[in-house]
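Sequential numbering from 1 along the given sequence is applied to the chain's residues. All figures in this text were calculated on a predicted structure; none of them were measured in a lab. Ligands are counted one by one from 1 in listed order, and the atoms in each one are counted from 1 as well.
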Amino acid sequence: MTSARHLQLETDLPEPEPSRNFEISPDQSLDTSNLVSWLDSLALAIPEGIALIDSCGKIAYFSAGAEKITGWNREELREKSVFEIFSFRDGEKWLELAGCEPLEECQAEALHRDGFPLPVNYCLVRPVNQNVESKTSILVFRDSREEVAARKLRAFFLANITHEFRTPLSSLNASVEFLLEEIQFLSKDEIEALLTSIHLSVTGLQTLIDNLLESIQIEAGRFNISPRTSDLEKIITEAQRVMSPILTRRRQILKIHKPEKLSLVECDPTRITQVLVNLLSNASKYGPTQQEIRVKVEPVDENWIKISVIDHGPGIPSQEKDKIFQQYYRLGTKSNAQDGIGLGLWVVRVIVEGHGGNVGVREAPGVGSIFWFTVPSVRKTA
Ligand code: ADP
């Protein structure tokens, strides 16, 4: 029965390329050449990485999945010690731990061929039927970047997000309670002021949730942009509408400078609106009250349109100009910092770069910052 199945495997599956196998160290108790070709055929169908580690700790076999995950070609690893590519928590003692039952899944780091450390989850097992002295082991591993990112995000979320939700929620609660209790005694203006405050809290929460959802998609590698021919005019109007309660509360005036006729843009309109809302809410949050915020739209050339948001805030120190577009990066000491979690500009960068555009910041003449980004314009056909 076993041999029939084995035979079937050998005839049905594509022949492994002999040139891609390299010899493994002799091991009396194991028919290694058979094992290597069997593994090779099987491994073609398995996205996880499989490495066979010989008694001396050398990598004797590296599957196609392993090559894809680490970027290393098996020929490059010929005769290399597994410890040159993987760092295990237990160091070299690790091989001793292999048993015939797979160990619980563990975390390690692989050195990617491009030079960066790659988090991996792995299991290690010693094939059955080999003698006790022999230490040939099979390492099965997979890229765990997504899991690590999700873990990091979860930890960050729990540590920081409570405050970010609690502030607008408390304000919402207080306004609604006050309205319910006092509505018959309030003037129209007072009711309007309370509703504006409620609108403000809801807008803040919505922007926060949008950025968090976007960030989860990005971290999980499921961030897709669906560009289509879009009206930039409508995008700006929508961003203005979203921002209006915040601007009203801070008594800031938004001025739009744009060519009379705007060309169409090739973009994901919801995402570009989010970019503009993020930049405008920063301009409002970090800028002084009762000041003007400007949006300037200008063509760069026939392929690109540049949109700038100009504020009168404290500006960005030149050594921080690139860093503020990193995830969770924030400026300012605890005492003078505004609320925030350092996701907005990162999301802006990922969305803009996803459209093939650029993003940056420079000083505004006098005081303040100019945050700008580019979007592809739709070329007019002759
Ligand atoms: P958050 O505002 O939640 O901290 P962002 O990613 O939007 O996150 O911004 C990152 C940091 O960049 C902020 O903490 C702030 O210090 C700085 N920043 C962003 N926009 C401005 C601005 N218009 N003026 C001054 N500083 C800004």
query = Which atoms of ligand 1 are found less than 4.0 Å from any heavy atom of Tyr329?
reply =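 So the atoms of ligand 1 that pass are 10 (C), 11 (C).
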query = Quick one: which ligand 1 atoms are inside 4.0 Å of a heavy atom on Leu345?
reply =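 Every atom of ligand 1 under 4.0 Å from some heavy atom of Leu345: 5 (P), 6 (O), 7 (O), 9 (O), 10 (C), 12 (O), 19 (C).
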task = Take Gln252 and Ser284 through the side-chain hydrogen bond (donor to acceptor under 3.5 Å, both in side chains) test and state the conclusion after the steps.
result = CA-CA 7 Å; Gln252 290 158 326; Ser284 169; 2.7 Å; yes
message = If we set the cut-off at 4.0 Å for heavy atoms, which region of Phe371 has an atom near ligand 1: side chain, backbone, both, or neither?
response =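 Only the side chain of Phe371 comes within reach of ligand 1.
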task = Answer with side chain, backbone, both or neither: which part of Leu343 has a heavy atom less than 4.0 angstrom from an atom of ligand 1?
result =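 Just the backbone.
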ask   = Does Gly313 reach ligand 1, in the sense of a heavy atom lying below 4.0 Å from it?
value =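 It does not, in that no heavy atom of Gly313 comes within the 4.0 Å cut-off of ligand 1.
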key: Heavy atom of Lys285, distance to ligand 1 below 4.0 Å   =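 Lys285: in contact with ligand 1 (<4.0 Å).
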Candidate with minimal heavy-atom separation from [atom], of [options]:
| atom | options | result |
| --- | --- | --- |
| atom 23 (N) of ligand 1 | Asn211, Asp311, Ile324 | Asp311 |
| atom 8 (O) of ligand 1 | Gly342, Ser369, Ala283 | Gly342 |
| atom 18 (N) of ligand 1 | Val347, Ile316, Ile370, Val309 | Ile316 |

query = In a check of side-chain contact (heavy atoms from CB on, under 4.5 Å) between Ile370 and each of Val309, Asp311, Ile310, which one passes?
reply =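 Testing Ile370 for a side-chain contact (heavy atoms from CB on, under 4.5 Å) against Val309, Asp311, Ile310 leaves exactly one candidate, Ile310.
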key: Among Ile324, Val275, Asn282, Leu280, the one residue meeting side-chain contact (heavy atoms from CB on, under 4.5 Å) with Phe371   =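 Of the listed residues Ile324, Val275, Asn282, Leu280, the side-chain contact (heavy atoms from CB on, under 4.5 Å) partner of Phe371 is Ile324.
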message = Counting only heavy atoms not in Asn303 (residues, nucleotides, ligands), do more than 12 fall under 6.0 Å from its CG?
response =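 Count over threshold, so yes.
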ask   = Do other residues, nucleotides or ligands put more than 12 heavy atoms under 6.0 Å from the NZ atom of Lys321?
value =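 Count over threshold, so yes.
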Ligand 1 to [X] polar contact by distance, N or O atoms, under 3.5 Å:
| X | value |
| --- | --- |
| Gly315 | no |
| Trp346 | no |
| Pro314 | no |
| Tyr286 | yes |

task = Considering only NZ, NE, NH1 and NH2 on the basic side and carboxylate oxygens on the acidic side, decide whether Glu233 and Lys261 come within less than 4.0 Å.
result =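 Salt bridge between Glu233 and Lys261, a charged N being under 4.0 Å from a carboxylate O: no.
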query = With ring centroids as reference points, do Tyr122 and Phe86 lie under 6.0 angstrom apart?
reply =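 No.
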query = Taking atom types as modelled and ignoring hydrogens, do the side chains of Glu266 and Thr229 form a donor-acceptor contact shorter than 3.5 angstrom?
reply =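 There is such a pair between these side chains.
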key: Modelled atom types, side-chain donor and acceptor of Asp210 and Gln274, under 3.5 Å   =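 On atom types as modelled, these side chains do not qualify, holding no pair under 3.5 Å.
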